[in-house]
Structure formats: structure tokens, C-alpha cells
S.K.: 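The structure under discussion is supplied below as C-alpha cells; questions concerning it will follow.
Protein chains get the first letters and strands the later ones, always in sequence-line order, with residue 1 at the start of each.
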Amino acid sequence: MPLRETNIVSGAQTKFGKLEGLTLREIFAEAVDKATIGAGVPKEDIQAAFIGSFIPEMLVHQGHTAPLLADYAGLRGLPATRHEAACASGATALRAGIMAIESGLYDTVLVAAAEKMTSVSTNRATEALAAAADDEFESSMGLTFPGVFAIAAVAHMQEYGTTEEDMALVAVKAHRNAAKNPLAQFQKEISLEKAMTPRYIAWPLKLFDCSPISDGAAAIVLTNNERAKQYTDTPVKIVGTGQASASMNLCDRTSLTSFEASVRASRIAYDMAGLTPKDMDFAVVHDCFTIAEIIASEDIGFFKPGAGAKAVREGVTAMDGDKPINPMGGLKAVGHPVGATGVKQAVVLYRELIGEAGANQVPNHDTALMHNFGGTGATAVVNIMRRADA
Amino acid sequence: MPLRETNIVSGAQTKFGKLEGLTLREIFAEAVDKATIGAGVPKEDIQAAFIGSFIPEMLVHQGHTAPLLADYAGLRGLPATRHEAACASGATALRAGIMAIESGLYDTVLVAAAEKMTSVSTNRATEALAAAADDEFESSMGLTFPGVFAIAAVAHMQEYGTTEEDMALVAVKAHRNAAKNPLAQFQKEISLEKAMTPRYIAWPLKLFDCSPISDGAAAIVLTNNERAKQYTDTPVKIVGTGQASASMNLCDRTSLTSFEASVRASRIAYDMAGLTPKDMDFAVVHDCFTIAEIIASEDIGFFKPGAGAKAVREGVTAMDGDKPINPMGGLKAVGHPVGATGVKQAVVLYRELIGEAGANQVPNHDTALMHNFGGTGATAVVNIMRRADA
Amino acid sequence: MSETPTIEQYQKYIQDHDFHALKCKSCGAVIAPPKGMCYSCGGTDFEWTAVSGKGKLVSYTVIHVAAEEFQEETPYFVAIVELEEGTRITARLLGLDPNEPEKVKLGIPVKLGYETGKSGKTYIGFSPA
Amino acid sequence: MSETPTIEQYQKYIQDHDFHALKCKSCGAVIAPPKGMCYSCGGTDFEWTAVSGKGKLVSYTVIHVAAEEFQEETPYFVAIVELEEGTRITARLLGLDPNEPEKVKLGIPVKLGYETGKSGKTYIGFSPA
Ligand SMILES: [Zn+2]
Ligand SMILES: [Zn+2]
């Protein structure tokens, strides 16, 4: 049965990138202000805040971030909880918001997420990100976050003939889309040649296969059916939601060419919504690395296993293709402030679905899917959204 | 309106203390096994896991802890999310579990929490705990976690005449109760004289005013009304739940002698349950420091502002008093593996309410309240529970 | 952007021994430490303001066990002070003996100053006025 | 308690160049790295078992950008290897040139060994059999 009560009535993000001179809480407050007072939702209407952030402990030496961020953003006193699932932190906060609305405990809630990553060195950020993998059995032998995806890439290349060039084409598409997105970290197209520059991070993944280190925040407001119309004429309904996990260790997974948690989460979300991949007009997927977008496009059922690379080559996932993926530029080119990404994805769906994505607007925009995953696929969240009037 | 669907059908904790040679995941799995297979709840019945942990990033260099812990404990593939609110991490995980059940998205869920603190030095643990305060404006000038409670203690002493001896009596009571609790870190009574040993941590708080550094885990199973009876004849219903926040900075609070988030959270919980402090047979409150128990006993409405110390002196909060508080020994003597505490409190309520608290059984046990708070009171969660047959 | 008060600038003012608070452009409330929204009126536009430096002692402690970074500085006072302008801030206490904390009286008038710790970091501090 | 396999002991075996896996007492499944519950049968009782050390290469990468602790060791291989006994583990690859990763073939037989990194820590590694 589709979710009954959950509507998105506003959504906003800060610019992503190196936000010089601004702290985590200032970035967070900017997104909250845009999604509340900036969108006609008074802060007094917000009854609870569900906040995603991955690793402020290591990046800015701050835990207990939810009340801190909520208070700074003028949401003093509200129940404010932080949700952490590595790169899926944002989407797990969103799911908490969904359950809060569906349970009837709250009418209107804020879901917001932020990460401040650029105040530490690249090695230190790499170390913080490695906390998303298994410290005892992976990170402690020097396996990195890109390294895990590189291992998946090598398996995918071997099994399906995916090439380094296919991966590079994902980066080229991401930059092409982001070039029109004023909130993106990189607003410049890149050539295939440039994307293929052999600067290896974790072979065979090169610099341009990797999403950057970014600061940023995003926020949305969820409300129930009764209240939705008081904020907007075009609420977006979340009709299906799925979350699944897998073993943290890549070595314990059944398959290296598919992320089982993504497959399971999307199946649950489709079943709940009563929809299939064919019904999706577009998708926003978790392209932390180029290979991750290819695998995700297969895992969510847009393409058969192994057919993801071909879809990229043939432009099927381009903005004007049959199944646009990451029409605003994805993590790769818009940036990846880790914990914020899941909520930013919801903002992208919201803006595209209501037809306010500007130069990045996809032509068909009734129904879409977001796919956010955590770490190396140990957490996956899939949400299916639909314009209320669609 | 009271919560309708949420039942606790099992609850267990590991021993708290220095659990030598065991990692976070092993401790976690022990609690999960006790609360599932050990209590007649097959793991296959669990549909989602809500996990509390405060700061594994700094204590054991591990983020993305929910899928890691769930997988290790044999809950592979389930949606598993981590909830963080400093020392209230456990209770925020519990609230997520409540909303999951009330929303109808899940029938049976696990709420579990763990912390491994003893693998680092005391200074390092102090630093990790300080991440629960405001890094920019408190921790960065050397204010510690005990320091914040010391500031509150000084204000309480000035305003109400509370004394260092009153605080020491809280410690004496905690140790007296814990002496009968085989899972407690300290199972030895202490004299008032010993509790008054002038070894200051943050003046006027002394060593025996502070809860210890501990390892430990706790887990409970929540299920809806339809399923509850298949696991136990004595489910415990969660009838009211409240959460509130306050500014992170103590200096921004209206009052230093009361934690406003505790007052607000308990008011919400009482209103939801349709009950008052008079209806409570006993309470488990967050006694991270002795002064915190005194203030909490006032904030939850058991005693008037300023009357908490008198209640301790007169034995009202003792196991055989009119309003027993922390009958199993509290954080002070049972231990305080930070993120695990909120779930452990729920386990205590569950065991007391169903009459299985052994030597620590309170005489009246129909209805009770748990109060868990985070950091220096910036998060507070209050839940009111009642035996289903009461 | 450059005129909008930031936390970075707030901290820099302290390091420069030139404490500034925020002032709400809508209602005039003086706010420190910085907030993104005025507690009094909900305004979000702020400007810098100097303060008189006069205040009174609200409460305090003496830290004996600290995070590694500060352990060398123990014992030291940390206090909450209410400024004449109405806002409260967390600061060190100066000119008092941390080994005789019971001699300090709440409510005494204090004045703003600065202290440089062994770490080289400068803290706001208040001494009896 | 002392006979129950722990993660601490698993790591110690590796440091001692004496790799051991867990064996499920109910179904005999060999498991490494350690788990609290057997994936095959749901059992929770384990004992230590030695392994043949034979396996095959499932996939791999070469790390160029690492956490600070490992940066000095770059470039280095990290691989997933499936042991003859059926379980898969993450390990270093030994005896191959990390500057020519494209020459490594998936599926090749490998045998268990050890490598001590510049940090002084010992890793499990596999070299072509
Ligand atoms: Zn104002
Ligand atoms: Zn088995």
C-alpha cells in the first residue's frame, strides 16, 4: 500500500563546494531558512527536526549535532535527532521524517542535513570517510572508500565488459548537467579526454571518477495531507520508501557487480508504491563514483544487470534521453557533502517534479525515484515520489 | 491521545563495565541475542533495527555503525539506522522504533544500543564526551562535560541550598541499589564519607558524583498489538513519549537550575499518556552526575523545583520510598556506556514493570517513567510505560 | 556576504582582544555567542556591536580533569557571565584562585578581559570589577 | 569465555602469522572475518579452525590516495580472495607490481602469506600460487 500522508511542500539546498569561512551550523541554517521562511513555511509550524550528518565528530569535532544545528537555525526546543548512515545519512533522516508523519505523531516536520568537509586535509577527509567502511577488517589494512568501489569496478569490467571510458562518460554527463546548475560545485563541462586523465585514486578509478570533497546543506519540509495545501498548490507525495542493509565488508557480499541493499531497497519501494521502473520518468542515484551510477542504474531496475554502461554510451541517461539520471549533475559534479546528499537528492526530485528545475528541467516529470546509499553499499535507501496532481 | 500500538515484548542488557577483550560489535551482538533468541523472539521476525551509539567514530574509529552492528548480530539485510543524540542516543533510537511501529510500516522492530569506551585513555574519553557540548563556544575554551553539570550544581546550591552532601547521598543510594544488580559496573555499597572524598573532577563535583566510563549494550523488541501476545503474556505498553531540545550552550538557557528540555519532554509525554506524576510508581532518570538526578526528579514533576535534595535526604527516592528513582542503580553505579544508556533504561522499566527485577524489584510496578538526556541537557527524551494488564 | 557577521569573525575578534557581539537589526537585541536567528524577534539580520564589558557572574566551576589539550592548564575556572546588554556567555574567570573556588560569590560584578592559555589560544575571561 | 573465538584473537593470529578462521559448530561453515552468527545456519557457536591457505583472486584495486597512516605505503594492492573453504576475505596482494595492475588476472590461484607494512602492522596477503 502506498504511503498515505507524506507530502513534500518545500525543498532547498545551499551551494555545494568549498564554502569558505562558514561553519557547519551557518551552512545548515542557510538551507533551513531557504526551505522554511524562504518558501512560505513559518518556522513556528515545524514540530520536529530530523537531521542527517555523517561525521562531524571527525570533521569539525562536534557530536550531538541535532540540537546544536536546530537551535542555531532558530528551531529552539524542538525534538531534533541526528541520523547517521554514512553517505545515506540524509535519506535515513528523511525516512525518520516519513515515519513521524505517517505515525500521526507530528503534522509538519523538517528534514535537513549538512556536512562541512573542507576544513580538514584530503588525507584527513579520506580517513574520516574510511570510517564508513569496516575499521577492523577493511580500513585497518589500508582499504579506502574509493578502493572498495574500484574493486567493484574491476569485477563489473570483468563480468560485463564495462570500460574505463564508460565510467568516464558518466563523469562527462554529470559535468554537462551541472554546468547549468548554479548550485553545483563544478559548473564546467569536461571532455572525455579530460575525464580519462590517468590520475589514479584507486586503480582503475581516476580523479574524475570520484565525487569531490564538499561543504553543503539541504532541507525539505514534510507535512500531512490536511496541511499540505496551505503551503503549496503542488505538493509532492512520497508514495514508496525502502531501506535495506548489507554486510559492511565487501568480501561478505554475495555479488560484487551489484549492491544487494540497493536491489532490496528499490524492490520494497516499488512494491509499496505499486509502481515499476517503467513508471519512473527519471531518477537521482548515488554516483559517489562513476561506477556507482552505472551499477545503481541496474540495481534500481532501469537497465538489466550489465546494461548500465551501454545506456550511458547511448545517451539513454542524458537529460534528453529516455531515462534521465542525475539531471542536475549528481554527486560527481554538484558535490558530495556526505551526510547532506540524501536530502539534496530529495530537493532535486521535488524541484524537477514540480517543474521548477530551470535549465535542468527534465521533460517528463510526474514520477521519479531517488537512490541514496551509505558507505560502500551497506545501507541503501530508495524513495519514490510523485506530484500530487500527477 | 496515548500511543496505541507500541509494546515492548523483550529487553536485555549486557553487563556494564570494562568488558575486556570484546569489541563494540561483540558487545552489541550479546545484547541482541539475549533480547531475541534468548527471549523467544526469532531474529527472522525482526523487520528493522534502530540503533543508538554516541561516538564510535572517536572511541573505536568506526562510523556507519548500524549496518555493521546489525550484520554482525545476524540481522543481515534489514533496514538499520543509527541515531545519535549524545547520551540520549539510545532513547532517540527508541523513539524512532516507536514511530516505526505507530506508522504501521513495520510490525516488529529491534531497538538496540551500544558503546565501547574503555579502549581509550580517560583524557581521550573526556575529549570524545566533550563533543556533546558546543565545540565552538564551550569545549574550545576547556569546558568539560562534568564542568557543565558543575555549573548547574553551583546554581542549584545557591538558589535552593542543595549541598555537596545531598549530591553524595544520591551516589550512596545508587551504589546501594547497584550492589544487588549483577549487571552493574559497581556492586558495592559506599559510605557517605567515601562519596564525599574530595577528589574533584569539576568543582564542586567529585569523583563519586560522576558516572563512570563503561562498555555495554542493551536491546529491546517492539511490536504492535496484534503480535505482542505471541511473544509474551505481559507486554509493556509505551503510552506516552516526548522529546525536546534546548540550546547546546548552557549560557543560552533560561534557567541553570532546571533543564528546560526535560521539563518540556516530560510534559509532552504526560499529556500524551493522559497521566500525571502522581500516577508514576517509580522512575528511571538520567543521573550522569548526582546533581542531574536531583534536577531530573524535579523536572519530571516528582518534586517541586528545589525539593529534589530533600527527597533524597528523606529516602523518598530509595527503593522502599514513595517514589523510587533508579532502583537498579542508575548510570552512576550501573555504568554509563553513553549511547546505550537510553535503551538500558527501557530495559530496566520493562523488567521492573513485569515484576522480573529480582532483588531490585520495586513494590508498585504498574506505570513508570524513563528520562534520558543528551549532553548537557540539549536533548531530553521521556517515555511513559505501563504493563498492558495494569 | 562580507558584512554579515560570521562565527569565524566572532572568534577572530576574541583572538584580537576586541570582543564583539551580534546585534539584531530588527529589535536591537545583543547576542553572543552568535545565533542564526534572534531569540527575541525571529530576525535573521545582524550587525556587529561593541559591548561595555560589564557583567555579573551567574555561575562557575573549576575544571580539574580536562581533554588532553587543556590538561596542562588545570585547575582553571569556567564561568557563565551575564553581560550588561543582557546576553550570557561562557568564559574563563581571571584574577581568582582556582584552589579556593568556594570563596567566589555569585552575582558579583565582573569586567571583560582576555587570557592566553598554554596552548597559545586566547580565551575571553572576566575578573572581579 | 576464553574458548569463544573473539575478534581480538582473530587479529592476534594474523599478527602472529598464524591465520585462523571461525568454524560454525552447528554446520561446519568456515567463516572469516568473524561474525556473531553463522550466515549458513544461524548458529552462534564457533571454534577456531586452520585453513589450507589456498584461494583464488576475486577482485582487487591499487590504492594511490590513502588515509595518513597508509599514505607512505602507496601504491599498494588490496584484493578480495575466496578461500578454498568457501569464505572470502579482504587482503593485500603480494609479489605483483602495483604499477602494472592491468596485468593481474582475476580468478588466478593464490596462496596465503603475510606482509608487514611501514607502520609495523602485519597484514594478511596473498601471492600467485
Ligand atoms: Zn531581534
Ligand atoms: Zn552454521
S.K.: In terms of heavy-atom pairs under 4.5 Å with chain B, which of A/Ala88, A/Ala246, A/Ala80 leads?
M.R.: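 Sorted descending by pairs with chain B, the first entry is A/Ala80.
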S.K.: Where does the angle between the aromatic ring planes of B/Phe149 and B/Phe259 fall among parallel (under 30°), tilted (30 to 60°) and perpendicular (over 60°)?
M.R.: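 Tilted.
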S.K.: Go through the structure and list residues passing ring pair (Phe, Tyr, Trp, His ring centres under 6.0 Å) with A/Phe54, not counting sequence neighbours.
M.R.: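 For A/Phe54, no residue satisfies ring pair (Phe, Tyr, Trp, His ring centres under 6.0 Å) once neighbours in sequence are set aside.
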S.K.: Residue by residue, which of residues 63-73 of chain A have a heavy atom closer than 4.5 Å to a heavy atom belonging to chain B?
M.R.: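 Only A/Gly63, A/His64, A/Thr65, A/Pro67, A/Leu68, A/Asp71 of residues 63-73 of chain A have a heavy atom under 4.5 Å from chain B.
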S.K.: When heavy-atom pairs shorter than 4.5 Å are enumerated against chain A, which of B/Val381, B/Thr81, B/Ile268 gives the highest number?
M.R.: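 Option with the top pair count is B/Thr81.
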S.K.: Going by the angle between their ring planes, with limits at 30° and 60°, are B/His371 and B/His286 parallel, tilted or perpendicular?
M.R.: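 Geometry flag for B/His286 against B/His371: perpendicular rings.
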S.K.: Counting heavy-atom pairs under 4.5 Å to chain A, which of B/Ala244, B/Ala93, B/Ala380, B/Ala265 comes out on top?
M.R.: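 Most heavy-atom pairs under 4.5 Å with chain A: B/Ala244.
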S.K.: Should B/Asn7 and B/Thr223 be marked as a side chain to side chain donor-acceptor pair (under 3.5 Å) after you check the CA-CA gap, both sets of side-chain angles, and the distance that decides it?
M.R.: CA-CA 5 Å; B/Asn7 300 269; B/Thr223 192; over 6 Å; no
S.K.: Kindly say whether A/Ser247 contributes a backbone atom to a donor-acceptor pair with the side chain of A/Asp252 at under 3.5 angstrom?
M.R.: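 No.
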S.K.: With side chain to side chain contact (heavy atoms under 4.5 Å, CB included) as the test, would you mind laying out the steps for B/Phe373 and B/Cys87 before giving the verdict?
M.R.: CA-CA 6 Å; B/Phe373 75 11; B/Cys87 325; 6.0 Å; no
S.K.: Quick check on the interface: out of A/Asp135, A/Ile55, A/Thr379, who has the most heavy-atom pairs with chain B under 4.5 Å?
M.R.: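 The option with the most such pairs is A/Asp135.
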S.K.: Using a cut-off of under 4.5 Å for heavy-atom pairs, which of B/Met1, B/Met99, B/Met248, B/Glu84 has the most such pairs with chain A?
M.R.: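 Counting heavy-atom pairs under 4.5 Å, the top option is B/Glu84.
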S.K.: Tell me, with the steps shown, if B/Arg25 and A/Asp134 meet salt bridge (charged side-chain N to carboxylate O under 4.0 Å, His left out).
M.R.: CA-CA 11 Å; B/Arg25 66 187 90 186; A/Asp134 188 323; 2.8 Å; yes
S.K.: What parts of residues 105-112 of chain B touch chain A if we use heavy atoms and a cut-off under 4.5 Å?
M.R.: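 Heavy-atom contacts from residues 105-112 of chain B to chain A are B/Leu105, B/Tyr106.
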S.K.: Side chain, backbone, both or neither: which part of A/Glu136 has an atom under 4.5 Å from a heavy atom of chain B?
M.R.: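 Both the backbone and the side chain of A/Glu136 come within 4.5 Å of chain B.
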S.K.: Just wondering, do A/Ser89 and A/Val338 contact through their side chains at under 4.5 Å, heavy atoms?
M.R.: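 In short, these two side chains do not touch, never coming nearer than 4.5 Å.
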S.K.: Chain B: which of A/Thr92, A/Asn249, A/Leu78 shares the most heavy-atom pairs with it under 4.5 Å?
M.R.: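 Highest number of pairs under 4.5 Å: A/Leu78.
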S.K.: Taking the side chain as C-beta and beyond, is there a heavy-atom pair between B/Met272 and B/Thr241 under 4.5 Å?
M.R.: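 The answer is yes, as the side chains (C-beta and beyond) meet within the 4.5 Å cut-off.
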S.K.: If we only count heavy atoms from C-beta on, is the A/Met385 to A/Lys237 side-chain gap below 4.5 Å?
M.R.: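 No, side chains not in contact.
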S.K.: Under 4.5 Å between any side-chain heavy atoms of B/Cys288 and B/His336, yes or no?
M.R.: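 With C-beta onward as the side chain, the pair touches.
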S.K.: Please rank B/Arg264, B/Arg4, B/Arg76, B/Glu102 by heavy-atom pairs under 4.5 Å with chain A and give me the top one.
M.R.: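 Among B/Arg264, B/Arg4, B/Arg76, B/Glu102, the one with the most close pairs to chain A is B/Arg76.
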S.K.: Using non-hydrogen atoms only, which part of A/Ala133 is less than 4.5 Å away from chain B: side chain, backbone, both, or neither?
M.R.: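 For A/Ala133, backbone heavy atoms alone lie under 4.5 Å from chain B.
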S.K.: Which bit of A/Ala261 comes within less than 4.5 Å of chain B, counting heavy atoms only: side chain, backbone, both or neither?
M.R.: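 For A/Ala261, there is no contact with chain B at all, as no heavy atom is under 4.5 Å.
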S.K.: Do B/Val382 and B/Tyr270 come within less than 4.5 Å of each other through their side chains, counting heavy atoms only?
M.R.: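 B/Val382 vs B/Tyr270: side chains apart.
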S.K.: I need the full list of salt bridge (charged side-chain N to carboxylate O under 4.0 Å, His left out) pairs touching residues 89-99 of chain B, with sequence neighbours left out, sorted by first then second residue.
M.R.: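 Listed once each, the pairs would be none.
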S.K.: Test salt bridge (charged side-chain N to carboxylate O under 4.0 Å, His left out) on A/Glu115 and A/Arg82; report intermediate values, then the result.
M.R.: CA-CA 12 Å; A/Glu115 205 87 50; A/Arg82 173 199 174 199; over 6 Å; no
